[in-house]
There are 2 protein chains.
Amino acid sequence: MDEHGTCGHHDHAPHDHAHGPGRTADLVARAERLAQDLGLQFTALRRRTLEVVADEGRPLGAYDIAERLSAPGKRVAAVSVYRALDFLTEHGLVHRIASRNAFVPCEHGHGAGESAVFLICRRCGSVDETISAEIERSLDRTLAQAGFKPASRIVEIEGECGACQGRHEAE
Amino acid sequence: MDEHGTCGHHDHAPHDHAHGPGRTADLVARAERLAQDLGLQFTALRRRTLEVVADEGRPLGAYDIAERLSAPGKRVAAVSVYRALDFLTEHGLVHRIASRNAFVPCEHGHGAGESAVFLICRRCGSVDETISAEIERSLDRTLAQAGFKPASRIVEIEGECGACQGRHEAE
DNA sequence: CGGCGACCGTTACACTGTAACAGGCCGGGC
DNA sequence: GCCCGGCCTGTTACAGTGTAACGGTCGCCG
Ligand SMILES: [Zn+2]
Ligand SMILES: [Zn+2]
Ligand SMILES: [Zn+2]
Ligand SMILES: [Zn+2]
């Protein structure tokens, strides 16, 4: 869809969150613990889907994931990926970026109540997940005032990440 | 897509924002003023698209709008609706609900810098647009701290609106 | 064994969004 | 007037996103 970097990170401005194989292993371990505790099935397809999303440094569409999971002669259909993604998003292992129709690994291991803020860079396509108790509080106050009982929250900011600023000329 | 009420409002719990023909007329007037001031063209298709979105009390998909704009023998293609919606969203007359792939009329006439919070009811499908300077501030602080330069913001809360609470049994 | 439930493969389909090209309309410049 | 440019819209075609429905497999349990 968009032709940004294959990683979403910038060698001269590394982010602070885990990345690559390390993050992937962490997420898989978290998933296995979670499945163990709740009596859920962390199947091979779900694990492989999680690995693909975690290995990529940028949001991936469901069809991209299906393509990466497919091998010559062993095709994985997008619908299967969607089901795996349902499981993974329900349990907070990956997040859906509504404004991009794409999925990113969770970078925080936040509890169910905490909601994330996604910073999406227009230029390089990277997505950063941050948690802010302050935003949470002001959101809660506004919702309470409106008499609205929240179930899920989407906060996505599109703009320019720190690394991409200061090279407007460097095209 | 979803079979909620045709209006999104509840006779026993009216909302506080303008609604129906009144709101529609307001929005059209605002659009005409805006087009006048900026030298833009508020064409018939754009006006009719705005009217359809404003008349409906719930988020409408582009294809729904196209259907409502079509008359027997005079079909309006979705692609034309998308172009009209591009114009309307660019100038803040309607908003896109990313989590629903749908459009709602703007209820506030907010400036370019102010971003809205959308409260989307799971049960009745209504969407309420509110503005909170407090959320804005905490968001700005978080973004500044992350060195992120925002261009557009999406805040969508899904849950249960005030009117729909207290009738969990009243199915 | 026979049913049940969860998962997955497969097909088909609906919905969402955009690219590309052609025609109409309207203004300004010659 | 006439041509030319931009802007808008109609039309077709297509890519991308998401779900419904059915069937098969496997493990579990009465
Ligand atoms: Zn997370
Ligand atoms: Zn960037
Ligand atoms: Zn608005
Ligand atoms: Zn409601």
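Just so you know, these numbers use all the heavy atoms, side chains as well, and skip hydrogens, waters and symmetry mates. Residue numbers start from 1 in every chain, and the chains themselves are labelled A, B, ... in the order their sequence lines are given, proteins ahead of strands.
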Atom-to-atom span, [atom1] of [X] to [atom2] of [N] - whole angstrom:
X        : N      : atom1 : atom2 : answer
A:Tyr82  : C:dA12 : OH    : P     : 19 Å
A:Arg47  : C:dC8  : CZ    : C1'   : 16 Å
A:Asp86  : C:dA6  : CG    : P     : 15 Å
A:Arg100 : D:dG18 : CZ    : P     : 14 Å
A:Lys74  : C:dT10 : NZ    : C1'   : 11 Å
A:Leu60  : D:dT17 : CG    : P     : 11 Å
A:Ile65  : D:dT17 : CD1   : C1'   : 12 Å
A:Leu85  : C:dC8  : CG    : P     : 12 Å

Mapping B:Asn101 and B:Gln41 onto DNA chain D by nearest heavy atom, which one lands closer to the 5' end?
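Checking each residue's closest nucleotide, the 5'-ward one belongs to B:Gln41.
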Between A:Phe118 and A:His95, does a ring-ring contact (aromatic ring centres under 6.0 Å, His included) hold up when you go through it step by step?
CA-CA 10 Å; A:Phe118 295 100; A:His95 298 294; 5.3 Å; yes
Assess the side chains of A:Ser99 and A:Glu156: does a donor N or O sit below 3.5 Å from an acceptor N or O?
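Their side chains do contain a donor-acceptor pair, which is all the 3.5 Å distance test asks for.
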Are B:His108 and B:Glu114 close enough that a side-chain donor and a side-chain acceptor fall under 3.5 Å?
no
From [options], pick the nucleotide closest to the side chain of [X]?
X       : options               : value
B:Tyr63 : C:dG17, D:dC8, D:dG10 : C:dG17
B:Thr43 : D:dC8, C:dG17, C:dC7  : D:dC8
B:Leu45 : C:dT18, D:dG10, C:dC8 : D:dG10

Are [X] and [Y] ion-paired here, with the side-chain N under 4.0 Å from a carboxylate O?
X        : Y        : value
B:Glu134 : A:Arg141 : yes
A:Arg153 : A:Asp140 : yes
B:Arg122 : B:Glu160 : no
B:Arg47  : B:Glu32  : no

Tell me which of A:Arg75 and B:Ala102 sits closer to the 5' end of DNA chain C, going by the nucleotide each one is nearest to.
A:Arg75
Using a cut-off of 4.0 Å on non-hydrogen atoms, how would the nucleic acid contact of A:Val79 be classed: base, sugar-phosphate, or nothing?
base
Could you spell out the base pairing of DNA chain C as a dot-bracket line? Use Watson-Crick and G-U wobble contacts where both distances are under 3.5 Å, [ ] for crossing pairs, | for partners on a different strand.
|||||||||||||||||||||||||..|||
Do the side-chain N or O atoms of [X] get closer than 4.0 angstrom to the phosphate oxygens (OP1, OP2) of [N]?
X       : N      : value
B:Ser80 : D:dT9  : no
B:Arg96 : C:dG17 : yes
A:Arg46 : C:dC7  : yes

Mind checking the SG-CD1 spacing from B:Cys121 to B:Ile157? Nearest 0.5 Å is all I need.
13.5 Å
Side-chain donor/acceptor of B:Arg83 to base of C:dG17, under 3.5 Å
no
